[in-house]
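As C-alpha cells, the structure follows; a few thoughts come after it.
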Amino acid sequence: MGPLIPQEIITGQWDFVIALLIGASFGFILEASGFSSSRNIAGVFYGYNFVVLRVFFTAMIVAMVGLMYFSYFGWIDINLVFVLPTYLNSMLLGGFIMGLGFVIGGFCPGTSYTAVAIGKIDGIFFAVGTFIGIFIFAEAFPLFENFYTANDLGPITIGEMFGVSNDIVAFVFTIIAIVAFYVTWLIEKRVRKNMTEYKFE
Amino acid sequence: MNRNYIFLAIVMIMLAGGLLLLPERHNYQQIKPEKLMWDITQTSRFVTTDQVAKRIIEGDPTLELIDIRPVKDFEAFSLTNAISIPIDSLMSPNYQDYLGIEDMKVVFYGNDDIKADQAWVIAKRMGYNSIYVMEGGLNCWIKTIIRPVEPKESDPLEDFDLYQFRMGASAYFTGAKVEAPDATKTGVKVVRRKKGAAVAGGC
C-alpha cells in the first residue's frame with residue numbers, strides 16, 4: 001500500500017499538507033516533552049537531564065520496529081522509502097558542529113522554533129542565527145563542496161553495510177536504547193543528588 | 001523507577017524480538033485482479049495518433065514512445081525518438097529502467113493496438129503507472145497522420161481543422177512539400193492583348 005505518494009495513492013501535492021501536519025505534531029511533542037527549555041537540552045552534556053536522549057531514542061525504536069512490522073504485513077514497500085545518502089566526512093563534521101551548537105546555544109534547530117513559539121528571547125536569537133548560518137553555508141558552499149560530497153556511500157542502511165537483516169538491526173538498537181535509558185537514569189540519579197532544583201523520585 | 005517505564009521497555013523488547021521470530025515473507029507488489037479488470041475496461045489508456053503526433057512535434061520531454069514490435073521492424077520504420085522494447089523482452093531487467101520513470105508518460109505502440117495493449121497489461125501487472133497505448137498503432141498512424149483523407153464539404157469545421165493539422169504533421173514527419181489546398185488557390189486570368197492591326201498602307 002504505502003508509501004502513499006510513490007505508489008500514486010495520493011498525489012505529490014499532498015506533500016505540503018502532510019509536512020504541515022507532521023511539523024505541527026512534531027512541534028507539539030517537542031514542546032510537551034520540555035524541549036523548548038534549553039536547560040533540558042544542555043543537560044545531556046552535564047549529565048543531569050537525559051530527556052533528549054530518551055525522547056529521540058524512543059521515537060527511533062518505535063518508528064524502526066513499527067516500519068518493520070508495516071513492511072512485514074505488506075502495508076509499506078520498504079524499498080520505496082527514501083533513504084538519505086550518506087556523506088561520511090560531512091556527517092561526522094556536521095554532527096560535531098551540531099553538538100557544539102547544542103551545548104552552546106541550548107537548542108537544536110527544531111527546538112529553537114518551539115522556544116520561539118512560546119516567546120523565549122534566546123530561542124528567537126538562536127532561530128535568527130540559524131538563518132544567518134544557512135545563508136553563509138549556501139553562499140560559501142562552492143568553497144567546501146569537495147569536502148561536502150567526499151566519501152559518498154550513497155543511500156546505504158546499517159543492515160546493508162554490515163550485511164545483516166533490518167530486523168536484527170532493529171532488535172539490537174532496541175536493546176541499546178533500553179540499556180541507554182537505564183544507564184542514563186543511573187547517571188541522572190547520581191548527578192542530581194547534589195542539585196537542589198531537582199527532586200528525584 | 002516508574003513501573004510504567006519498565007512495562008513499556010519490556011513491550012518494546014518483545015516487539016523487536018518478535019521481528020526476529022517472524023517467518024520470512026515477501027510482499028510482492030501486484031495489482032489486484034479487480035483493479036486490473038477495472039483499468040482494462042477503461043478506455044482512458046488509449047491515446048490517439050493525433051495526440052502522439054502533437055506531442056512529438058511540440059518536443060514534449062515527458063513523452064516516451066516504446067515500440068513493442070520486433071527489432072527488425074523497428075529498424076525499418078519507427079516513430080521519432082521511440083525506444084525498441086520487443087514485447088517478449090518487456091520483463092527483461094535490462095529494460096526496466098525505461099519504465100516507471102517519474103513524470104514520464106509511456107506510450108506503447110505496435111502495428112496495431114492489440115500487441116501494444118497486451119504490453120500495457122503486462123506493464124500494469126508489473127506495477128507501472130502512467131502507461132498508455134497508441135490507438136490503432138502504426139497502421140492508424142499511416143492512415144491518419146501520414147496520408148490523411150480530406151473531409152467532405154458537408155463535414156463539420158473541426159474535421160477540417162484536424163485535416164489541416166494532419167497535413168502539417170504529415171509534412172513534418174515525411175518532409176514532403178506542403179501543398180496549399182485548392183480553396184486558397186485563385187485563378188489568374190491571363191489577359192492577352194490583342195495584337196494591333198498591321199500597319200497598313202504607307203505613304
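For clarity, every value in this text was computed on a predicted model and none was experimentally measured.
Chain A is approached within less than 4.5 Å, heavy atom to heavy atom, by B:Ala9, B:Met12, B:Ile13, B:Leu15, B:Ala16, B:Gly17, B:Gly18, B:Leu19 from residues 5-19 of chain B, ordered by number. Contacts between residues 56-69 of chain A and chain B, counted as heavy-atom pairs separated by less than 4.5 Å, involve A:Ile61, A:Val62, A:Val65, A:Met68, A:Tyr69. Contact annotation for residues 146-182 of chain A against chain B (heavy-atom separation below 4.5 Å, listed by residue number): A:Asp167, A:Ile168, A:Ala170, A:Phe171, A:Thr174, A:Ile175, A:Ile178, A:Tyr182.
Within 6.0 Å of atom CD in B:Glu102, 12 or fewer heavy atoms from other residues, nucleotides or ligands are found, so the atom counts as exposed in its surroundings. Heavy atoms from other residues, nucleotides or ligands lying under 6.0 Å from CG of A:Asp15 number more than 12. For B:Phe77, the CZ atom sits in a packed shell: over 12 heavy atoms of surrounding residues, nucleotides or ligands are nearer than 6.0 Å. With a 6.0 Å radius and a threshold of 12 heavy atoms from other residues, nucleotides or ligands, A:Phe137 has its CZ atom above the threshold. A 6.0 Å sphere centred on CD1 of A:Ile121 holds no more than 12 heavy atoms belonging to other residues, nucleotides or ligands. When the shell of 6.0 Å around CE of B:Met91 is examined, it contains 12 or fewer heavy atoms from other residues, nucleotides or ligands. Around the CZ atom of A:Phe141, the shell of radius 6.0 Å holds more than 12 heavy atoms that belong to other residues, nucleotides or ligands. Residue B:Ile114 places its CD1 atom among 12 or fewer non-hydrogen atoms of other residues, nucleotides or ligands, all under 6.0 Å distant.
In this structure, the side chain to side chain donor-acceptor pair (under 3.5 Å) partners of A:Thr11, at least two apart in sequence or on a different chain, are A:Gln13.
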